Amino acid sequence: MNNQRRNVLKSGTGAAVLGALAAAGIIKPGVALADWNKAAFEAKSMADTLKALGAGAPVESKDVQVTGPDIAENGAVVPVGVASSIAGTTMVAILVEKNPNALAASFTLPEGTEANVQTRVKMGQTSNVYALVKAGGKFYMATKEIKVTLGGCGG
Amino acid sequence: MGNPMKIRAAAKDGVTEVKVLISHEMETGQRKDANGAVIPAWFITELVAKHGDKVVLQSEFGTAVSKNPYLAFKFKGGAKGDKVSVSWKDNKGDSRTDEAVVN
């Protein structure tokens, strides 16, 4: 138990420090993303995750789509797709707001790869699923609520 | 090394669609076993897909990606007979690369 608490404390400060560094412009978000983005994946809340990704406050856009079921019977396997029709999309990420760690996966798209990625994620409970898209140095997002019925909560 | 991935790549109208099914536990580190001990996290952290030598997708996974991850994406170019390869790396340092021929 004690160990777990220490880990939480450690990762919490780590994310904060990295976020602060990114905000101060000491490390560029692109550089921070070069290796597995520990801070972003271990961030607990949406706000911390966005900060760790260097996204700040993404703009909601109709050109970004999240696809998935309205109701997922099994939270362990929820098919989620992200598509963006914004030209020059270089990064897409899938975030599940109420998961212990919001960030599920991020994809870097070289030129020529379409901004249309599908995968499957785990969801602990009914939650908003966010698609975060980076295009031309700006961040955009879209949301979809997916209800999870497994566990008997019924959403 | 893990089990082989299933990779399908199909070219149509100048766009190649790739579908990948990876065999991996993707343990979150949040579950407990029957004795109450935490099962340590074990998940894929990075994945790179290449068309020939060119990187066509680079991704980072967290623990929220489902067990035996599925991934589908499309890139421009690619023709029948080209090679598409996918490599992953997990948090225990294990890795695996598989390739498939575009059809």
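Proteins come first, then strands; the chains are lettered A, B, ... in the order of their sequence lines, and each starts at number 1. Computed from a prediction, not measured in an experiment: that's the story for all the values here.
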Open item on the list: Would you say that more than 12 heavy atoms from the other residues, nucleotides or ligands in this model lie under 6.0 Å from the CG of B:Asp33, or not?
Closed with: yes
Task: Single-linkage hydrophobic cluster A:Val59~A:Val133, side-chain heavy atoms < 4.5 angstrom - done: yes
Task: Region of B:Thr63 that comes under 4.5 Å of a non-hydrogen atom in chain A - done: both
Task: Trace of the side-chain contact (heavy atoms from CB on, under 4.5 Å) decision for A:Gln118 with B:Lys19 - done: CA-CA 9 Å; A:Gln118 280 112 41; B:Lys19 292 179 182 171; over 6 Å; no
Task: Region of B:Leu21 in contact with chain A, defined by heavy-atom distances below 4.5 Å - done: side chain
Task: Side chain to side chain, B:Lys74 and A:Thr113, heavy atoms closer than 4.5 Å - done: no
Task: B:Lys6 atom NZ, neighbour heavy-atom count above 12 within 6.0 Å - done: no
Open item on the list: With a 4.5 angstrom heavy-atom cut-off, is it the side chain or the backbone of B:Lys89 that approaches chain A, or both, or neither?
Closed with: neither
Open item on the list: Does any part of the side chain of A:Glu111, heavy atoms only, come nearer than 4.5 Å to the side chain of B:Lys76, both counted from C-beta?
Closed with: no
TODO: Measure across A:Ala104 and B:Val65 and return the closest heavy-atom pair with its distance rounded to 0.1 Å.
DONE: O-CG2, 3.4 Å
Open item on the list: In this structure, would A:Leu132 and A:Met46 fall into the same cluster of hydrophobic residues linked by side-chain contacts under 4.5 Å?
Closed with: yes
Task: Plane angle bin for B:Phe43 and A:Trp36 - parallel if under 30°, tilted between 30 and 60°, otherwise perpendicular - done: tilted
TODO: Answer yes or no: is there a donor N or O on one side and an acceptor on the other, between the side chain of B:Lys67 and the main chain of A:Lys122, under 3.5 Å?
DONE: no
- [ ] Starting at CD of B:Glu60, measure out to CZ of A:Phe41 and round the result to the nearest 0.5 Å.
- [x] 5.0 Å
Task: A:Asn99 vs B:Gln30, side-chain contact (heavy atoms from CB on, under 4.5 Å): CA-CA, chis, key distance, verdict - done: CA-CA 11 Å; A:Asn99 269 6; B:Gln30 315 228 5; over 6 Å; no
- [ ] Using modelled atom types only, decide if a donor and an acceptor are shared between the side chain of A:Thr108 and the backbone of B:Ser59 within a distance under 3.5 Å.
- [x] no
Task: Hphob cluster co-occupancy, A:Val82 + A:Ile86, side-chain heavy atoms under 4.5 angstrom - done: yes
Task: 4.5 Å side-chain heavy-atom contact, A:Phe107 and B:Leu71 - done: yes
Task: Spacing of A:Leu109 atom CG and B:Phe73 atom CZ [to the nearest 0.5 Å] - done: 9.5 Å
- [ ] Under 4.5 Å heavy-atom distance to chain B, tell me which part of A:Val92 shows up: side chain, backbone, both or neither.
- [x] neither
- [ ] Can you tell which part of A:Val96 gets under 4.5 Å to a heavy atom of chain B, answering side chain, backbone, both or neither?
- [x] neither
- [ ] For residues A:Glu114 and B:Val15, determine if any side-chain heavy atom of one lies less than 4.5 Å from a side-chain heavy atom of the other.
- [x] yes
TODO: Indicate yes or no: at least one non-hydrogen side-chain atom of B:Pro69 is less than 4.5 angstrom from one of A:Arg120.
DONE: no
